[in-house]
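Working notes for the structure below.
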Amino acid sequence: MDVNSSIKQASMKVFKFGGASIKSPESIRNMASIIRQYTGEQLVVVVSAMGKTTNHLESLFALVKNKKEGQEKFREIASYHLEISGQLIREKENRDEVNSILGQLENSFQKADPNENPDKMYDQIISYGELISSTIIGCYLSETGMAVRWADARKFIRTDPAYREAKINWPVTCKLIQDQLGPEISSRLVLTQGFIGSTENENTTTLGREGSDFTAAIIANCLNAESVTIWKDVPGILNADPKRFPDPKLYDHLSFQEAAEMTYYGASVIHPKTIKPLANKNIPLFVKSFERPDLPGTRIDQGGPHPVYPTFVVKDSQCLVSFLAKDLAFINENSLSIIFHVLDMLNIKINMMQNSAVSLTICVDNNSRKVIKMIDALKNDFSIRFNEDLRLITVKNYSPASIIQVMKDKKILVEQRTRNTFQIVFDPGSGKPS
Ligand code: ASP
Ligand code: MG
């Protein structure tokens, strides 16, 4: 790479707009006005599906055996998008493009064979959320006079065939991104989809729910971007969810390490895989409000200070699973390795764990698809106990007062404390409401 091109790429920014920031014609106009403020700069814009479209596509996928009911669901999804595009797009050619991508979704759903690999089929259908949103937004931005290159992320995000949770092939992806996007960014805005990729055989894959942030980080890493900005409906990263805790505090500056740990415990503001590709290249990440783009938001980089407030992370829909050795045996290293092997194969993440002489208890997300497979794989070796609909609260950098606050009036099933982190699992349906 010559010196000039590396200077050019170093001044390039990656923006990511999530579902809430593009859920209506007004919000898409607002997105365009944010982008316009960066006129003259090199930008790659990554978009998610509009609003809650991915959830609706999951409902559509669930109807794959019932094509008639599914067609109704498809019509609902199509009319939501046609309503938005109808208000934003004037040119016939562009409207045809939107109709064509919706037609592809309909086709793909109608042709889906219920006997095929369900995870593969899921990805072929779910990926349309981003394909449709980026098509509508690309046409709209062009009609407002911007020079836009719509780029199909499936042409450069290369993954393995682990459908629903595909892993990135980094060397190939970086080469494809540099070859395909590198030459474009100096002359026009590049608009692409988050969350989706494809295998070597050109089968569409997805990177895991909420994976669009990760796509933005991949592109930034491969193009040595100057920064990534995630535009959100919150003013930045808060120390607690404003819907659950009164008076949350905004972090103006965090370290990569701190932010990565917050996402590990379930802070949903950024996808857990986002930080590493940025930290590896020391690319700062900004989390900013799309409603107040003038405010600085949160900056995440190498030099972030140790946070002054405790961070509260709440995860709902948790289940506690206890594995008990049979016949009064102890849980030993061999039994742990059997359990962990199954968890690893199924890609189940442990949110908390505790062991005793005769049992291992883990707290995991209640993803019934995976939990059922886990129990099936281990029920011959262990007696298994199972509690669901639980809540996990993690307090990072806790203070005595913060522990008293979260424990108040709860019937706690498991409690754990390390030097920095305090966690409880409880049934939110029991105990007095706090
Ligand atoms: N649209 C996808 C989802 O809702 C990806 C994303 O929003 O990041 O999971
Ligand atoms: Mg989303």
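Scope of the values below: all heavy atoms of this structure, side chains included, with no hydrogens, waters or symmetry mates. Order of appearance sets the numbers: ligands from 1, and atoms from 1 within every ligand.
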Compute the minimum heavy-atom distance from K52 to ligand 1 and say whether it is under 4.0 Å.
-> no

Please state whether G211 comes within less than 4.0 angstrom of ligand 1, counting heavy atoms only.
-> yes

List every atom of ligand 1 that sits less than 4.0 Å from any heavy atom of [X], numbering the atoms from 1 in the order shown and giving each element.
| X | value |
| --- | --- |
| F195 | 2 (C), 5 (C) |
| T54 | 1 (N), 2 (C), 3 (C), 4 (O) |
| E130 | 1 (N), 2 (C), 5 (C) |
| R209 | 3 (C), 4 (O), 9 (O) |

Ion pair E184/R188, N-O distance below 4.0 Å | yes

Does the distance from a Lys or Arg side-chain N to an Asp or Glu carboxylate O, for D113 and K111, drop under 4.0 Å?
-> no

Residues which pass side chain to side chain donor-acceptor pair (under 3.5 Å) with K120, listed by chain and number, not counting sequence neighbours | none

Using distance alone, decide if ligand 1 has a nitrogen or oxygen within less than 3.5 Å of any nitrogen or oxygen in D213.
-> no

Considering distance alone, does some N or O of K16 sit under 3.5 Å from an N or O of ligand 1?
-> no

Should the proximity of H271 to ligand 1, defined as any heavy atom under 4.0 Å, be assigned to the side chain, the backbone, both, or neither?
-> neither

Could you see which bit of S48 sits under 4.0 Å from ligand 1, with heavy atoms only: side chain, backbone, both or neither?
-> side chain

Any donor-acceptor pair under 3.5 Å linking the side chain of S402 with the backbone of Y398?
-> no

Using the six-membered ring of F74, assess whether NZ or CZ of K67 lies under 6.0 Å from its centre and within 45 degrees of the ring axis.
-> no

Show me, pair by pair, the donor-acceptor contacts under 3.5 angstrom made by side chains of residues 297-306, not counting sequence neighbours?
| from | atom 1 | to | atom 2 | distance (Å) |
| --- | --- | --- | --- | --- |
| T298 | OG1 | I237 | N | 2.7 |
| T298 | OG1 | Y251 | O | 2.6 |
| R299 | NE | D301 | OD2 | 2.6 |
| R299 | NH2 | D301 | OD2 | 3.3 |
| D301 | OD1 | H253 | NE2 | 2.7 |
| D301 | OD1 | G303 | N | 2.9 |
| D301 | OD1 | G304 | N | 3.2 |
| D301 | OD2 | H253 | NE2 | 3.2 |
| Q302 | OE1 | N282 | ND2 | 3.1 |

Would you say the SG of C319 sits less than 2.5 Å from the SG of C363?
-> no

